[in-house]
Protein chains: 2
Amino acid sequence: MTKIRLVLVDDHALFRRGLLSLLEEMPEFEVLGEAGNGKDAVPLVESTAPDVVLLDINMPVMDGLQALAAIRKQRPSQKVIMLTISQNDDDLISAIVAGASGYILKNTEPEALRHTIAQVFAGNSVLSPEVTAKVLQAVRRSQSDKSRGLLSEREVEVLKCLARGQTTSQIAGALFISENTVKTHIRHILEKMEVNNRAEAVARAAQLELL
Amino acid sequence: MTKIRLVLVDDHALFRRGLLSLLEEMPEFEVLGEAGNGKDAVPLVESTAPDVVLLDINMPVMDGLQALAAIRKQRPSQKVIMLTISQNDDDLISAIVAGASGYILKNTEPEALRHTIAQVFAGNSVLSPEVTAKVLQAVRRSQSDKSRGLLSEREVEVLKCLARGQTTSQIAGALFISENTVKTHIRHILEKMEVNNRAEAVARAAQLELL
DNA sequence: CAAGCGGGTGATTTCGCAATCACCCGCTTG
DNA sequence: CAAGCGGGTGATTGCGAAATCACCCGCTTG
């Protein structure tokens, strides 16, 4: 069996050596090299071309996020797992945006780490359960942001009326505007929500909970 | 030890029964009830108040996403794990937005399912590695979308010049505008990126790769 | 101390979008 | 067939953001 070739990057020599012996006990892994900071890591990855890089964030000289960006710039398909103690939201999101395939905490069990590396090697991504919740929150926020800015205030009001099953003339009466104006608002709503009729608009609005 | 109380929702009776016997073999779980569609699931969850709900997406009468929304509306803190074969992006994102704490595929190993339920019960979130990559892609897209719309075209041009280390007067010459205009653009860039000086702006721009 | 640079404030024009209304078309239904 | 409704096109006004420039302040440096 071809071994999964790794590079370890962490500024704590003790942790790095412990991790090294741990991984070498697992027959499917082969550690090609180690680095104690980002500046050393970039050329090391360049020259050894490992399957997966295990990368710490908090490091002197060049931190893990900068190193990640540099590595991914040189080798865009390089798989990198962030292995860190940081549960900081900015670190997490930055690492994802910079192209990390995994983000796991240092308190992870050896077996889980083994599983993570195998999954990443197979082309999948893995997050520690503790940080997954943060990522899901970020997704929720970004989706609601996207929905918020989409429609103007007035258009949302019209949409609410539509959802109550009101007709054009009823909406016009309720909002003290002409039927023509209501129709124009609905037109814009349909365009922005990329739907073809009132019913579809109401269905998607209910689904997105933007009422 | 207090058992983790579950409710299973899946329209395939065979799968549901198999899952039931599997979970009952694990001493830490207790299955309070089952449902074959979303319409039955909502009142069942309401009455039994389980710790965690395992919910399929593809179901007749009321699909899992609608059921998830209904359940979370009645019991906002209810923990729900989507257990499905769907790797569809829309299903995945919809489930997350609707408040799912987990999204795992039906080909998951029993031990991994056991682990997932325990993590969700503990307040964390879990995704199957196969879908984690999709979520990370969604995060990347939403972050770049956020960055795109943030700065105007002209402001991006100025920022590019800044990143090359050009001074105010050099930028003014390059873009055929006055120094004052350049300064105003930079002012707006600093405001929008929430940074305090040019260097910070360049650093974050490089990090976000919006050059 | 004066020139150059980074940074802050005010003022202008222009352009796009929001909000409004009028008018037109095609379908159903009594 | 005419009245009502959903849907489409054009036109107006007003506000806010983008883009432009002028002027002011404080620091460094020769």
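Everything numeric here is computed off the predicted structure, so don't read it as measured data.
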Between P of dA19(D) and CD1 of I171(B), the distance in whole Å: 15 Å
Paired nucleotide for dC21(D) [Watson-Crick or G-U wobble; both distances under 3.5 Å]: dG10(C)
Rounded distance (Å) that lies between atom C1' of dC21(C) and atom CG of L175(A): 15 Å
Under 4.0 angstrom between H185(B) side-chain N/O and dA18(D) OP1 or OP2: no
Rounded interatomic separation in angstrom, taking NE2 from H188(B) and P from dG7(C): 15 Å
Polar pair under 3.5 Å, donor/acceptor by atom type, side chain S152(A), base dC17(C): no
Matching residue for F29(B) among V52(B), L22(B), I4(B) - test: side-chain contact (heavy atoms from CB on, under 4.5 Å): I4(B)
For the student: nearest non-hydrogen atoms of P50(B) and V45(B), plus distance: CD-O, 3.6 Å
d(CD, E179(A); P, dC25(C)) in whole Å: 18 Å
Sugar-phosphate only, base, or nothing, as touched by T181(A) at under 4.0 Å among non-hydrogen atoms: base
Listed nucleotide nearest any side-chain atom of T168(B), set dA22(D), dG6(C), dA19(D): dG6(C)
Interatomic distance, E200(B) CD vs dG7(C) P [rounded to whole Å]: 10 Å
5′-ward residue of the pair I177(A)/K183(A) relative to DNA chain C: I177(A)
Minimum heavy-atom distance between M59(B) and G38(B), given as atom pair plus value: CE-N, 3.7 Å
Position toward the 5' end of DNA chain D (nearest nucleotide), T167(A) or S178(B): T167(A)
Test side chain to side chain contact (heavy atoms under 4.5 Å, CB included) applied to L175(B) and T181(B), step by step: CA-CA 10 Å; L175(B) 300 183; T181(B) 306; over 6 Å; no
Ion pair check, K134(B) and D89(B), cut-off under 4.0 Å: yes
dC5(C) base / S169(B) side chain donor-acceptor hit below 3.5 Å: no
Which residue lies more 5' along DNA chain C, comparing E155(A) with T184(B) via nearest heavy atoms: T184(B)
Base paired to dG14(D) (Watson-Crick or G-U; both N/O distances under 3.5 angstrom): dC17(C)
R187(B) CZ to dT9(C) P, straight-line distance once rounded to whole Å: 8 Å
Between dT20(C) (P) and R154(A) (CZ): distance, integer Å: 4 Å
Strand partner of dG30(C), provided both Watson-Crick or wobble distances fall under 3.5 Å: dC1(D)
d(CG, L162(B); C1', dC5(C)) in whole Å: 13 Å
